[in-house]
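In what follows, every chain begins at residue 1, and chains take the letters A, B, ... in the order their sequences are listed.
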Amino acid sequence: MPELPEVEVTRRSFARAIEGARVVGVRVGKPLRWPLGCDGAVLVGRTVTTVGRRGKYLLLEFDSGVLLIHLGMSGSLRFSDNLPLAGVHDHFELQTTQGGLRLTDPRRFGAVVYVSAITDPLALKLLGKLGMEPLSDDFDVGQFCAGLKQRKSAIKQVLLAGQLVVGVGNIYASEALFLAKISPLARADTLGRVRCARLHAAIRVVLSQAVERGGSTLRDFSSADGQTGHFQTQAMVYGRAGLPCRACGTMIESMRQGQRSTFFCPLCQSA
DNA sequence: AGAAAATCCTGGTGGC
DNA sequence: TGCCACCAGGATTTTC
């Protein structure tokens, strides 16, 4: 499930290799979450300048125009000068002078959207209300705490919502809350200065460690050069229901919060 | 208005 | 074996 670390690992795995490439062809498969927003042919002849990221969106910037790429929950990219024959789950492909960039996405919750600029209304609609970037300097403790003070729902769900801080999905929300020793059920507005600062730090630690480990490969995630991640092997709580807590030995529990599974240690995260 | 909760999309999987 | 409920991320819709 691509969350911020998987998207960032993907970005790093092909950004350098694709920069300067000129588009020579586009292949579109089945429809994704949203329409591409242009005829694929109009991309031919454009040159890739940079590959950026905002939240879980990759921003493939051309000398003119930008492709917003979202991996949804089952998407992965591959960039290679020798891609295998396209399969049934390959739904977008950019052929360039430096190799082919292909999106494979069985569930098709992902998206590739063309906008003429990052200031385009459609881009603003998708990116405009996103929260702070957790790994950048703009992830300010004060702003984070102030934001939490305004939310009455459970802290786990506030993290997932992405309006305050982006990129923290189901895996890393559980992990960060464990690291910060905060119950996923705690109301966001009840967290004081100390727990709030601890959570802020925990989010940064968990996400940056996950990036270092190449992300989490639960089923089939791999970066654009085919590498799998292995953060999942060091998860403290995610997917560990019924197993002993790595810190205190208490049995890890799971529950449902807003139709999503949450994992936590009832002792370490009792407050 | 703005926050919170419910809904929807798809295909792989596990249980029976 | 086949069928079906269930699960997942997050934008969108509905409710409060």
Side-chain angles (χ1 to χ4, degrees), chain A residues 1-10 28-37 53-58 68-77 87-92 103-113 115 120-134 144 146-176 184-191 203 207 210 215-222 229 231-232 235 237-242 254-263:
Chain A
M1 272 60 76
E3 302 179 27
L4 185 146
E6 289 74 27
V7 177
E8 177 61 16
V9 165
T10 296
V28 175
K30 286 188 187 177
L32 294 162
R33 185 82 167 78
W34 298 299
L36 180 57
R53 181 186 59 75
R54 177 72 178 99
K56 299 174 190 173
Y57 288 89
L58 283 170
L68 308 182
I69 303 173
H70 198 294
L71 300 178
M73 66 179 288
S74 63
S76 62
L77 287 176
V88 288
H89 296 314
D90 297 331
H91 302 303
F92 183 83
L103 173 68
T104 302
D105 187 1
R107 305 282 156 82
R108 293 191 283 125
F109 285 18
V112 180
V113 175
V115 292
D120 182 287
L122 180 55
L124 289 178
K125 187 181 155 200
L126 295 176
L127 308 176
K129 287 204 272 189
L130 296 182
M132 294 179 277
E133 278 293 333
F144 182 60
L148 292 183
K149 278 272 172 281
Q150 300 177 324
R151 314 284 165 140
K152 298 184 197 303
S153 48
I155 183 61
K156 162 86 181 320
Q157 296 181 255
V158 171
L159 293 180
L160 286 185
Q163 292 176 316
L164 198 53
V165 55
V166 290
V168 185
N170 211 38
I171 299 171
Y172 301 111
S174 281
E175 292 297 312
L185 291 168
R187 263 176 54 156
D189 60 357
T190 65
L191 298 183
I203 289 169
L207 293 182
S216 296
T217 297
L218 293 186
R219 183 159 300 153
D220 49 18
F221 168 77
S222 65
F231 180 85
Q232 72 281 0
V237 289
Y238 187 84
R240 299 193 68 246
S254 71
M255 63 180 167
R256 305 285 299 172
Q257 274 184 296
Q259 350 275 29
R260 215 123 296 169
S261 57
T262 298
F263 298 88

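Side-chain N or O atoms of A/S174 include none that pairs as donor or acceptor with a backbone N or O of A/Y238 at under 3.5 Å. Within the 3.5 Å criterion, the main-chain N or O of A/K129 finds no donor-acceptor partner in the side chain of A/Q163.
Residue A/Y57 places at least one side-chain N or O under 4.0 Å from the OP1 or OP2 atom of C/dA11. Side-chain nitrogen and oxygen atoms of A/H89 include none within less than 4.0 Å of the OP1 or OP2 phosphate oxygen of B/dT10. Using a 4.0 Å cut-off, some side-chain N or O of A/S261 falls inside it from OP1 or OP2 of C/dA8. Remark: A/K125 is in phosphate contact with C/dT12, judged by side-chain N or O atoms under 4.0 Å from OP1 or OP2. Distances shown here put every side-chain N or O of A/R33 at or beyond 4.0 Å from the OP1 or OP2 atom of C/dA11.
Where A/M73 and A/A161 meet DNA chain C, the nucleotide closest to each residue was compared, and A/M73 sits on the side nearer the 5' end. Mapping A/R260 and A/Q163 onto DNA chain B via the closest heavy atom, the residue that lands nearer the 5' end is A/Q163.
With rounding to whole Å, A/Y172 atom OH is found 12 Å from C/dG9 atom P. One atom, CG of A/L4, and another, P of C/dG9, lie 14 Å apart when rounded to the nearest Å. A/D105 has its CG atom 13 Å from the P atom of C/dG9, to the nearest Å. Atoms CG (A/L159) and C1' (B/dA3) sit 16 Å apart, rounded to a whole Å. Between A/L130 atom CG and C/dG9 atom P the separation is 17 Å, expressed in whole Å. Rounded to an integer number of Å, the gap from NE2 of A/H70 to P of C/dT12 is 11 Å. C/dG9 atom C1' lies 15 Å from atom CG of A/L32, rounded to whole Å. In this structure, A/L160 places its CG atom 14 Å from C1' of B/dA5, rounding to the nearest Å.
Test A/K156, A/E175, A/E3, A/Q257 against A/N170 for side chain to side chain donor-acceptor pair (under 3.5 Å) and you get one pass: A/K156.
For B/dC9, the base is stacked against the aromatic ring of A/F109, per a cut-off of 5.5 Å between centres and 30° between planes.
Of the candidates C/dG9, B/dA6, C/dT12, B/dA6 carries the atom nearest the A/Q259 side chain, counting heavy atoms from C-beta on. Distance from the side chain of A/E3 is smallest to C/dG9 among B/dA4, B/dG11, C/dG9. Checking B/dT10, C/dT12, C/dG9 against every side-chain atom of A/W34, the shortest atom distance belongs to C/dT12.
Residues A/G215 and A/V9 share a closest heavy-atom pair of N-CG2, 4.0 Å.
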Test side chain to side chain contact (heavy atoms under 4.5 Å, CB included) applied to A/V115 and A/L126, step by step:
CA-CA 11 Å; A/V115 292; A/L126 295 176; over 6 Å; no
